[in-house]
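For reference, the structure discussed in these notes is given below.
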Amino acid sequence: MSEGAGRPNSTIYVGGLDTTLVTAATLSEAFIPFGEISDISLPKPEAPSSTELHRGFGYVEFEDPQDAKEAIDNMDQSELYGRVIKVAMAKPDKRETGEVGLGSMTAIWEQEGYLAKYNDAANEDRAAVEQSKGDKTADPMHGLEGLDVAGPKPE
């Protein structure tokens, strides 16, 4: 299951988990009293050499959205293996919602409206560069004839 995906309003986020003691079976046992569970996901650590089994959070997807609400109401701020856990409704994955903005999976210049908004400024910049090229003298050494040493002029 992808993080937070699945049926809308039926997937919950469970955070603050002990990374070595809590498993998918543990989450299943903790949340089965609230209803039928269709999927459990514990994202793995990014470092493959890590001794941790997961990243300290997971997702539990219920068959019924009402069961997810019951689990949140009853399990948020409860204790699991000596740690207080956070249980809340999972947020949808930005890749699936097509959301744009800070943190989105789309480059800013590929977002709709970006080029229309900033294209005029880019054209003005190009015109200014072209104009400045025409103003320069042909010889870049022009005006340096009297200099025979490097550095500031002696006084």
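- His54 places a side-chain N or O within donor-acceptor distance of the main-chain N or O of Val22, the cut-off being under 3.5 Å.
- Summarising the geometry, atom CD1 belonging to Ile32 is positioned 11.5 Å from atom CG belonging to Leu27; distances are rounded to the nearest 0.5 Å.
- Atom CG in Leu80 sits 10.0 Å away from atom CD in Glu29 (nearest 0.5 Å).
- Between Val60 and Thr11 the shortest side-chain heavy-atom distance does not fall below 4.5 Å.
- Closest non-hydrogen pair, Ala71 versus Ile12, comes out as CB-CD1, 4.0 Å.
- Side-chain atoms of Val87 and Tyr13, non-hydrogen and from C-beta on, never get closer than 4.5 Å to each other.
- Annotation for Glu79 and Gly82: closest pair OE2-CA, 3.4 Å, computed over non-hydrogen atoms.
- For the residue pair Lys44 and Arg55, the shortest heavy atom distance occurs at O-CD, 2.8 Å.
- Side-chain atoms of Ser78 and Asp76 include no donor-acceptor pair closer than 3.5 Å.
- In this structure, CD1 in Ile37 is found 10.0 Å from CD in Glu63, a value given to the nearest 0.5 Å.
- With contacts defined as side-chain heavy-atom distances shorter than 4.5 Å, the pair Leu17/Thr26 does not qualify.
- Across all their heavy atoms, Met75 and Phe34 have their closest contact at CG-CE1, 3.4 Å.
- Between Val14 and Lys86 the shortest side-chain heavy-atom distance does not fall below 4.5 Å.
- Between the side chain of Ser10 and the backbone N or O of Glu61, no donor-acceptor pair lies under 3.5 Å.
- Taken from CG in Asp67 to CZ in Phe31, the straight-line distance is 12.5 Å, to the nearest 0.5 Å.
- Between Glu36 and Phe62 the shortest side-chain heavy-atom distance does not fall below 4.5 Å.
- The hydrophobic cluster containing Ile85 does not contain Leu53, counting ILVMFWY residues as joined when their side-chain heavy atoms lie under 4.5 angstrom apart, directly or transitively.
- The aromatic rings of Tyr59 and Phe57 sit perpendicular, their planes meeting at an angle over 60°, well past the 30° parallel limit.
- Here the closest heavy-atom approach between residue Pro33 and residue Ala30 is recorded as CD-O, 3.6 Å.
- In the hydrophobic cluster analysis, where Ile, Leu, Val, Met, Phe, Trp and Tyr join through side-chain heavy atoms closer than 4.5 angstrom, Tyr81 is grouped together with Leu42.
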